[in-house]
There are 2 protein chains.
Amino acid sequence: MAIGTRDRIVETTAKLFLERGYTGTGMKAVALGSNATFGSLYHYFPGGKEELAAEALRTAADGYASRVGEVLGGAPDVVTAVRLAFEGAAVTLQDTDYADACPIATVALEVASSNEALRQVTAEIFEGWLVFLEIPFLAAGLDQPRARELAILFLAALEGGFLLCRAAKDPAPMYALGRTVVEAVEHALADTRP
Amino acid sequence: MAIGTRDRIVETTAKLFLERGYTGTGMKAVALGSNATFGSLYHYFPGGKEELAAEALRTAADGYASRVGEVLGGAPDVVTAVRLAFEGAAVTLQDTDYADACPIATVALEVASSNEALRQVTAEIFEGWLVFLEIPFLAAGLDQPRARELAILFLAALEGGFLLCRAAKDPAPMYALGRTVVEAVEHALADTRP
DNA sequence: GTCTATACTTTGATAGAC
DNA sequence: GTCTATCAAAGTATAGAC
């Protein structure tokens, strides 16, 4: 079945958020990029830009979690999974001229102090990701607090890596983070199995 | 000596960048916040918003490096320094209602794919910070590549922590990162002194 | 559901008096 | 150096025909 107008609008919005952020993405640009008109935009999203943004963020977050989930699920063990995630992020950045990074981060920082409704949306997304990322660490035998700590380290390092790599147009920081975070995970596992 | 109009403009811009980002900060708001007029704005910054942004970013970056430098320099050893840096960031976030975070990150993500001139400014700032952060690790006896890896981990984790804490309005991620990054530093030091 | 036209505001920027 | 007035463009959003 063909992709509907509504889906195209959401998809275009998420893509524009990646490149230009929330404030930098105009409804005009969304209409143009999705081959929709203002009538369609406000027909599907009576709440305007804010409502559209909320849905675009949630959709993009689900898609990104799926991508990361495939990498993590396809690895034989947690350490390999973490290593592949950072290496994959580095390669993807290079392949897309440093455009394909976290679809939430830019908007999250923009709205954190200026738009309470969207701030909550980004908070829910990150919390969902953290719960999702705890799973492989729990499966590897770590207790809950420890699994959460490592999930936070994983996500924060990935986000920081996106920031440094995109600014420098250089994948090196992401590779370096892959090495240090892998070491941290190895040490955490060693502590539970002396 | 009194603070000049020019300084007020730059300071106001940096502050607004923290709360609203680059695209979200209008020249009108800068003029209002700094008690300056459009005439003064474009008198001091003929290059307009872009030129003003570049200077605001560089000034804010120097100020932030000084603040971090004081924390790092005042600690008896690297491990303590790292711990205090993350704990200090967490406390500052809480004290300022999650507004006082990295003065560069939001703008850096916004411009990474859409404004090459400002992207380069943010790249230079981050590179300067990394060189600055390598120092305590080198002083602790680590070799250059290793010191760089840990500087990247430190900065990326801090940036990722700002993101997660601001989105959630919760300092917990920053404290968790403090613990895991401290462990990573401890292990790195242990490897060089077996 | 989709279209065009339009209202209204804000944006970055400039001109010229003072 | 500072001020006011003003511009053209882009911003969000709405109305009403189809």
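Here is how names work: the chains are called A, B, and so on, in the same order as the sequence lines, proteins then strands, and each is numbered from 1. The figures that follow rest on heavy atoms only: side chains count, while hydrogens, waters and symmetry mates do not.
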Query raised in the report: Taking OP1 and OP2 of C/dT2, is either one under 4.0 Å from a side-chain nitrogen or oxygen of A/Ser40?
Result: yes
Report task. Examine C/dG12: is either OP1 or OP2 under 4.0 Å from a nitrogen or oxygen in the side chain of B/Lys49? Give yes or no. Result -> yes
Assess the pair [X] and [Y]: is the distance between their ring centroids shorter than 6.0 Å?
X: A/Phe162; Y: A/Tyr98; value: no
X: A/Phe154; Y: A/Phe86; value: yes
X: B/Phe132; Y: B/Trp129; value: no

Hey, does [X] reach any base, or is it just sugar-phosphate, or nothing, if we go heavy atoms under 4.0 Å?
X: B/Gly39; result: base
X: B/Thr25; result: sugar-phosphate
X: B/Phe38; result: base

Whole angstroms only, please: what is the [atom1]-[atom2] distance between [X] and [N]?
X: B/His43; N: C/dC18; atom1: NE2; atom2: P; value: 19 Å
X: B/Arg20; N: C/dT10; atom1: CZ; atom2: C1'; value: 13 Å
X: B/Leu52; N: C/dG12; atom1: CG; atom2: P; value: 10 Å

Among [options], find the nucleotide with the atom closest to the side chain of [X].
X: A/Tyr44; options: C/dG1, C/dG12, D/dA13; answer: C/dG1
X: B/Thr37; options: D/dT4, C/dC3, D/dT14; answer: D/dT4
X: A/Thr5; options: D/dT12, C/dT2, C/dA13; answer: C/dT2

Query raised in the report: Within 45° of the axis and under 6.0 Å from the centre of the six-membered ring of B/Phe38, does NZ or CZ of B/Lys28 qualify?
Result: no
